[in-house]
There are 2 protein chains.
Amino acid sequence: MSENKIPDIVIGRLPLYLRSLQRMQQENRIITSSQELGERLGISAAQIRKDLSLFGEFGKQGTGYNIPYLIEKIQQILHVDRVWDVVVVGAGDIGSGLARYQGFSNRGFRVAMIFDRDPLKIGAKIGNFIIQDSHNLSETIRKAGIKIAMIAVPSSEAQTVANQLIKGGVRAILNYAPISISVPPHIQIQYIDPSIHLQRMTYYLE
Amino acid sequence: MSENKIPDIVIGRLPLYLRSLQRMQQENRIITSSQELGERLGISAAQIRKDLSLFGEFGKQGTGYNIPYLIEKIQQILHVDRVWDVVVVGAGDIGSGLARYQGFSNRGFRVAMIFDRDPLKIGAKIGNFIIQDSHNLSETIRKAGIKIAMIAVPSSEAQTVANQLIKGGVRAILNYAPISISVPPHIQIQYIDPSIHLQRMTYYLE
DNA sequence: TAGATTGTTAATCGATTAACAATC
DNA sequence: TAGATTGTTAATCGATTAACAATC
């Protein structure tokens with residue numbers, strides 16, 4: 001029943017399913033199975049079926065899953081059956097990389113604007129964007145109705161920027177600064193810190 | 001007892017503990033508690049004590065944990081009480097960003113070389129690095145004894161590059177290409193894909 | 001000593017897997 | 001029909017939490 005609370009760990013796997021399915025679609029595949037999907041992702045077939053069954057019956061016994069249909073359904077579940085405008089704060093290497101990144105198309109996102117507080121950067125262009133003054137961050141994103149942000153400023157600025165974003169109506173933050181940020185419970189936050197991933201692997205190296 | 005198998009989910013939290021502890025150290029703090037650390041990270045104090053107790057007794061009853069001492073111990077556990085050379089493959093926006101990234105120092109890593117297959121890029125400089133021809137990838141990293149790699153090439157090239165890296169002796173891969181890669185069981189792999197993180201959050205937005 | 005916090009146990013909670021009836 | 005794969009249940013497995021004795 002989709003009325004029950006869905007575990008967050010299940011939500012965390014759906015984007016992986018979606019990415020693999022979209023890859024299969026690019027390979028002109030029409031049908032897949034929980035087994036094939038599981039092999040590609042290193043996840044058990046039973047778990048994939050269980051996860052999907054929390055949201056509905058998307059497959060056919062004896063046949064498997066129709067790839068375009070399952071893509072559509074997962075996109076609806078994750079609310080990426082639309083394009084979300086995203087703001088980037090910080091126009092250094094990471095921020096400019098994100099502003100130019102081609103990988104958001106077909107994933108449900110589009111960078112809409114980029115901010116920095118450095119007077120030397122404000123007004124300059126990155127791709128098609130003009131770097132805006134982060135002094136006006138809250139007001140500008142509120143007017144634009146932006147709900148999603150990526151933080152790419154130095155760690156010392158990250159909490160302040162997060163506060164401004166939340167003040168401006170942002171509901172979800174992807175933080176590239178290598179520091180924990182406090183946000184109210186209704187705000188979503190995720191982190192990207194390559195050192196964290198690397199340290200998780202070195203444990204297994206001699 | 002440290003002879004028992006440690007759950008991978010615990011290993012995944014240790015880098016977060018380490019990052020927060022290093023932040024506290026920068027704030028000139030000497031002592032912390034499982035409660036304070038938990039509040040900073042949004043993790044229960046009991047879980048932090050349980051995790052650490054899998055590796056030894058690092059605290060003092062009634063007092064808490066000595067920050068420099070606990071940092072040292074976690075660094076030893078994660079094998080980041082040294083500096084690992086890392087290779088970057090792909091000299092596009094992401095790869096060059098990684099080559100210039102200042103955030104690896106004090107975290108146990110140092111970018112040692114960067115490769116690309118584009119003749120227009122080979123020989124050019126990024127920061128202090130000269131972009132090398134990825135035709136020689138396996139041999140060069142084997143000679144240099146490099147065990148860790150970051151992949152920042154297009155998705156269509158990622159599996160091939162991973163195979164070359166493994167052939168060259170790499171044991172841990174951080175993959176920025178938005179695609180699942182197959183590796184043998186003794187190879188560590190981690191993924192960074194901002195769209196995956198964003199999609200995980202949009203589920204909770206209307 | 002009194003107060004505080006660890007380390008650890010046992011209980012609870014939640015996630016994963018195995019298995020199979022249903023059914024395409 | 002025979003073969004295949006889903007959806008779902010129940011069992012297993014593993015992770016988290018609560019609680020408190022130990023002890024600084």
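Model, not experiment: these values are computed from the prediction. Each chain gets a letter, A, B and so on, in the order the sequences are listed, and its residues count up from 1.
- Residues that satisfy the side-chain hydrogen bond (donor to acceptor under 3.5 Å, both in side chains) test with B/E27, not counting sequence neighbours, are B/R40.
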Please table the atom pairs, donor to acceptor, closer than 3.5 Å between any side-chain atom in residues 152-159 of chain A and protein atoms at least two apart or in another chain.
residue	atom	partner	partner atom	Å
A/E157	OE1	A/R117	NH1	3.3
A/Q159	OE1	A/S182	N	2.9
A/Q159	NE2	A/N163	OD1	3.0
A/Q159	NE2	A/S182	O	3.1

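- Residue B/L70 contributes atom CG, which lies 11 Å from atom P of C/dT6 at whole-angstrom precision.
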Parsed dot-bracket for DNA chain C after applying the Watson-Crick and G-U rules with both distances under 3.5 Å and | for other-strand partners is ..||||||||||||||||||||||
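- If you take CZ of A/F58 and C1' of D/dT8, they are 15 Å apart, rounded to a whole angstrom.
- Listed candidates were D/dG7, D/dT17, C/dT16. Nearest to the side chain of A/E57 is D/dG7.
- With a 4.5 Å cut-off on side-chain heavy atoms, A/L174 and B/M201 count as touching.
- Separating the CG atom of A/D51 from the C1' atom of C/dT16 is a distance of 10 Å, rounded to the nearest angstrom.
- Taking only side-chain atoms of A/S33, from C-beta outward, the nucleotide of C/dT17, D/dT6, D/dT17 with the closest atom is D/dT6.
- Taking atom NZ of A/K5 as the reference point, atom P of C/dG14 lies 11 Å away to the nearest angstrom.
- Take B/Q35 and apply the side-chain hydrogen bond (donor to acceptor under 3.5 Å, both in side chains) test, not counting sequence neighbours, and it matches no residue.
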Filtered N/O pairs between nucleotides 20-24 of chain D and protein, under 3.5 Å:
residue	atom	partner	partner atom	Å
D/dC24	O4'	B/Q61	O	3.3
D/dC24	O2	B/Q61	O	3.3

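- Taking A/Q188 as the reference, nothing meets the side-chain hydrogen bond (donor to acceptor under 3.5 Å, both in side chains) condition, with sequence neighbours excluded.
- Sorted by first and then second residue, the pairs that involve residues 185-202 of chain B and meet salt bridge (Lys or Arg N to Asp or Glu O under 4.0 Å), not counting sequence neighbours, are A/D8-B/R200, A/R19-B/D193, A/R107-B/D193.
- Partners of A/S33 under the side-chain hydrogen bond (donor to acceptor under 3.5 Å, both in side chains) rule, at least two apart in sequence or in another chain, do not exist in this structure.
- The distance between atom NZ of A/K73 and atom P of D/dT6, rounded to the nearest whole Å, is 18 Å.
- When the P atom of C/dT16 is taken as reference, atom CD1 of A/I48 falls 12 Å away, rounded to whole Å.
- Phosphate proximity of D/dG7 to A/Y65: present, with a side-chain N or O under 4.0 Å from OP1 or OP2.
- What separates CG of A/L54 from P of D/dT9 is a distance of 12 Å, to the nearest Å.
- For D/dT6, one of the phosphate oxygens OP1 or OP2 lies less than 4.0 angstrom from a side-chain nitrogen or oxygen of A/S34.
- Per the geometry, CD1 belonging to B/I9 stands 13 Å off C1' belonging to C/dT16, to the nearest Å.
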Run the side-chain donor-acceptor check on residues 58-70 of chain A: report pairs under 3.5 Å with partners two or more places apart or on a different chain.
residue	atom	partner	partner atom	Å
A/N66	OD1	A/Y69	N	2.9

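- The side chain to side chain donor-acceptor pair (under 3.5 Å) analysis of residues 83-100 of chain B, with sequence neighbours excluded, yields the pairs A/D93-B/R100, A/R100-B/D93, B/D85-B/R110.
- The only option from B/R171, B/K147, B/R82 that meets the salt bridge (charged side-chain N to carboxylate O under 4.0 Å, His left out) definition with A/E206 turns out to be B/R171.
- Counting non-hydrogen atoms of other residues, nucleotides and ligands closer than 6.0 Å to CG of A/D81 gives a total above 12.
- For the segment residues 20-32 of chain B, the set of residues with a heavy atom within less than 4.0 Å of an atom of DNA chain D is empty.
- Scanning for ring pair (Phe, Tyr, Trp, His ring centres under 6.0 Å) contacts around B/Y101 gives B/F104, with sequence neighbours left out.
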